[in-house]
Amino acid sequence: MAYYKYGNYLQQEQGAEFDVLHSPGNLTPHSGIYRCEVCGGSAVSTLGNPLPPQGHHDHPAGARPIQWRLVAKAHWR
Ligand SMILES: [Zn+2]
């Protein structure tokens, strides 16, 4: 999960970039917070760098591998 205190610092958007699931290690398409669709954990990743690898965190035996979804996009203005 990702957490925040002041909602006025966040703005909801409807962009398709929030609907795409990414495999671990793929290049990060947008700097921001990514959520693991399997366990709900989150991580920060920055544009052009690899998303956290499969070994970023453990899942219970038999659970699917990590899939990352963008949940909060960082922007400089
Ligand atoms: Zn996970």
Side-chain angles (χ1 to χ4, degrees):
M1 187 62 73
Y3 304 94
Y4 67 93
K5 184 171 183 179
Y6 300 109
N8 54 314
Y9 295 152
L10 298 171
Q11 178 177 317
Q12 189 171 28
E13 290 190 345
Q14 300 298 329
E17 63 270 36
F18 296 98
D19 299 324
V20 182
L21 299 182
H22 303 277
S23 296
N26 281 9
L27 289 184
T28 304
H30 299 279
S31 295
I33 300 172
Y34 286 77
R35 174 186 188 273
C36 174
E37 286 291 292
V38 178
C39 70
S42 61
V44 170
S45 197
T46 54
L47 177 67
N49 291 304
L51 286 158
Q54 180 56 44
H56 176 264
H57 59 275
D58 291 327
H59 285 162
R64 291 179 290 127
I66 292 172
Q67 287 278 278
W68 296 114
R69 177 196 294 270
L70 179 67
V71 294
K73 185 167 63 172
H75 202 263
W76 56 276
R77 70 166 117 170

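Atoms within a ligand are numbered from 1 in the order they appear, just like the ligands themselves. Numbers here simply count residues along the sequence, with the first being 1.
In terms of heavy-atom proximity, Thr46 sits nearest to Thr28 at O-CB, 3.2 Å. Closest heavy-atom contact between Val38 and Pro65: CG2-O, 3.2 Å. Considering every non-hydrogen atom in both Trp68 and His57, the closest pair reads CH2-CE1, 3.8 Å.
Applying the side-chain contact (heavy atoms from CB on, under 4.5 Å) rule to Tyr6 yields the partners Asn8, Tyr9; only residues at least two apart in sequence or on another chain are considered.
For Arg35 (side chain) and Met1 (main-chain N/O), no donor-acceptor pair under 3.5 Å exists by modelled atom type.
Around the Zn ion (ligand 1), the protein N, O or S atoms found under 2.8 Å comprise Cys36 SG, Cys39 SG, His57 NE2, His59 NE2.
In the hydrophobic clustering of ILVMFWY residues, with side-chain heavy atoms under 4.5 Å counting as a link, Leu70 and Val44 come out apart.
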